[in-house]
Protein chains: 2
Amino acid sequence: MTGQVRTVDGRVAGRRGQETRQKLLDCLREMLSTSPYRDVKVIDVARMAGTSPATFYQYFPDVEGAVLEIAEEMAKDADTLKELVAGKSWAGKSGTTTSEELVDGFLAFWRKNDAILRVVTLGAAEGDKRFFKIRMTVLNAVAKPLAEAVKELQAKGQADKSLDPAAVAGSLVSLLASAAEHQKAFTSWGVKVKDLKPNLAPLVYLGVTGKKAPK
Amino acid sequence: MTGQVRTVDGRVAGRRGQETRQKLLDCLREMLSTSPYRDVKVIDVARMAGTSPATFYQYFPDVEGAVLEIAEEMAKDADTLKELVAGKSWAGKSGTTTSEELVDGFLAFWRKNDAILRVVTLGAAEGDKRFFKIRMTVLNAVAKPLAEAVKELQAKGQADKSLDPAAVAGSLVSLLASAAEHQKAFTSWGVKVKDLKPNLAPLVYLGVTGKKAPK
DNA sequence: ACTTGTCCTGTCATGCCGTCAGCTTACCGT
DNA sequence: ACGGTAAGCTGACGGCATGACAGGACAAGT
């Protein structure tokens with residue numbers, strides 16, 4: 001179903017080939033987290049993988065193509081983020097717990113994938129549809145269930161109905177993404193990294209429920 | 001005092017030189033808004049400016065150096081953002097107006113400079129101190145006075161004192177920046193561009209005052 | 001050992017990078 | 001008007017990355 005892995009010139013990749021391919025992806029990932037995206041060169045990736053540039057071009061059309069591969073892998077992984085929101089309660093103190101766990105889980109995911117997410121974010125901002133779609137997959141993993149939660153609270157009359165649930169959820173997820181990507185900014189505002197969660201969680205709670213977080 | 005403009009090899013730039021330099025910057029700016037950052041080449045900028053690559057290198061060490069120049073210019077411009085918050089009232093309905101004007105002004109600024117801000121954001125995320133500083137200058141133009149406003153409200157007992165004003169202000173500014181940079185994301189959530197302001201403004205109000213926005 | 005298809009790399013044409021020497025142009029004092 | 005001086009620009013060049021291809025190495029089955 002998922003079609004075998006293929007080289008650029010159409011051959012199917014065997015065991016050894018897939019290993020090489022994977023090694024190239026791993027090295028590229030490593031490279032992305034140590035050099036500016038603009039400076040990542042095929043030749044460096046190939047060197048690090050102990051192979052030649054020609055080999056790289058056998059498996060990927062260019063650096064961007066390989067980056068997309070890594071990004072898609074990560075997007076699959078983002079599915080686990082759904083469970084941070086789906087089926088969770090926002091009532092009273094358990095709502096506080098929910099928001100804290102959401103912030104924590106989201107920040108952890110971003111931190112784990114920060115290098116690739118940086119590139120995805122850039123690509124999306126530049127209007128590249130493929131990167132945009134990947135970014136939306138990640139954000140939606142949280143935003144969709146979050147919007148559902150807001151809608152339910154509104155239906156129960158426990159939240160401000162004048163707000164669009166999708167907009168609220170989207171805003172909160174954007175906030176989390178931005179905070180995760182630029183943690184250093186908060187540090188320079190005097191907010192220590194370990195204080196990030198206690199400061200963001202009440203805002204999430206506030207956004208979802210429209211009420212101050214209970215003690 | 002502000003030292004004249006100098007070429008890379010130390011000559012002082014005269015009238016004609018400054019014109020060329022400026023033309024190169026303008027073309028680079030244009031280029032950034034039409035091509036992915038990774039694909040912006042010195043030779044293209046030079047061609048567009050009707051000059052040669054060698055001339056480019058006379059005024060800038062490399063593409064990044066020229067980008068920094070553009071970014072610094074923009075950062076100066078960001079000073080006007082202060083007035084969106086400084087001295088504004090958050091009481092009752094005038095608070096609604098304040099938050100709406102803030103959202104509007106901020107989004108407009110970001111839209112106007114989106115290409116260069118994209119690169120600045122990337123550079124900052126990659127840990128480049130020069131880009132980080134520029135980004136903070138822009139964000140602080142809003143975040144600092146906003147934190148002041150929150151602090152004052154807290155002092156008057158009109159806002160939740162358990163939250164760090166700097167963290168709240170930083171979060172809200174991050175949210176605005178993220179929303180501005182990824183307006184298309186909201187569109188894909190079914191939030192039209194013109195609905196962005198009415199949806200973000202109440203959140204800002206909510207974040208600052210801790211209360212639901214009045215009608 | 002031979003065949004077959006996968007896998008890798010040497011090599012090459014092309015194009016961008018970044019530098020330098022040297023030519024042209026503008027400005028200034030006399 | 002004229003020459004001197006510094007600013008301004010570019011052609012040319014070595015170096016390196018890109019991307020394509022053909023051919024050799026290798027593994028597996030017969």
Side-chain angles (χ1 to χ4, degrees), chain A residues 2-32 34-70 119 123 128, chain B residues 2-28 30-32 34-70 119 123:
Chain A
T2 71
Q4 309 119 304
V5 182
R6 291 197 172 261
T7 59
V8 167
D9 55 329
R11 271 203 332 280
V12 297
R15 201 209 77 234
R16 194 155 71 107
Q18 298 209 19
E19 270 173 27
T20 306
R21 202 183 121 98
Q22 193 55 49
K23 188 180 230 173
L24 284 167
L25 286 177
D26 292 343
C27 290
L28 173 55
R29 196 189 235 114
E30 165 84 21
M31 211 90 220
L32 284 175
T34 54
S35 319
Y37 181 44
R38 203 167 191 283
D39 297 340
V40 171
K41 308 285 179 202
V42 168
I43 199 171
D44 294 324
V45 177
R47 246 197 294 263
M48 186 185 284
T51 179
S52 82
T55 301
F56 181 97
Y57 285 106
Q58 200 150 60
Y59 295 107
F60 311 103
D62 50 24
V63 170
E64 205 183 73
V67 165
L68 270 169
E69 198 88 358
I70 297 177
V119 181
D128 186 304
Chain B
T2 71
Q4 311 119 305
V5 182
R6 290 197 172 261
T7 59
V8 168
D9 55 331
R11 277 202 324 280
V12 298
R15 201 209 77 237
R16 193 155 72 107
Q18 298 208 20
E19 269 174 28
T20 306
R21 201 182 121 99
Q22 193 55 50
K23 188 179 230 172
L24 284 167
L25 285 178
D26 292 343
C27 290
L28 174 54
E30 166 85 21
M31 211 92 222
L32 285 175
T34 54
S35 322
Y37 181 44
R38 204 170 191 283
D39 298 340
V40 171
K41 309 285 179 200
V42 168
I43 199 171
D44 295 323
V45 177
R47 248 196 295 263
M48 185 185 284
T51 180
S52 82
T55 301
F56 181 96
Y57 286 106
Q58 200 151 61
Y59 296 105
F60 311 103
D62 49 26
V63 171
E64 203 183 74
V67 165
L68 270 168
E69 199 87 359
I70 297 176
V119 180

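To find a chain, count down the sequence lines: A is the first, B the second, and so on, and within it residues start at 1.
The CG atom of B:Leu24 lies 8.5 Å from the CG atom of B:Leu28; values are rounded to the nearest 0.5 Å. Here A:Phe56 contributes atom CZ and A:Leu25 contributes atom CG; the two are 8.0 Å apart, rounded to the nearest 0.5 Å.
Side-chain proximity of B:Asp62 to C:dC27, C:dC7, C:dG18: nearest is C:dG18. If you check D:dT10, C:dG18, C:dC8 against the side chain of A:Gln58, the one that comes closest is C:dC8. The side chain of B:Arg16 has D:dC9 as its nearest neighbour among C:dC8, D:dC9, C:dG18. Taking only side-chain atoms of A:Ile43, from C-beta outward, the nucleotide of D:dA17, D:dC9, C:dC8 with the closest atom is D:dA17.
Nucleotide D:dA22 holds its P atom 11 Å from the CG atom of A:Asp9, rounded to whole Å. Computed from coordinates, the B:Tyr59 OH to D:dA7 C1' distance equals 8 Å when rounded to whole Å.
Fit an axis to the five pairs at each end of the helix from C:dA1-D:dT30 to C:dT30-D:dA1 and the two axes sit 10° apart, to the nearest 10 degrees.
In this structure, B:Val63 and B:Arg15 both approach DNA chain C, and ranking their closest nucleotides by distance from the 5' end singles out B:Val63. With DNA chain D read from its 5' end, the first of the two nearest nucleotides for A:Ala54 and B:Val12 is the one closest to B:Val12. In terms of position on DNA chain C, the residue among A:Arg11 and A:Thr51 whose nearest nucleotide sits closer to the 5' end is A:Arg11.
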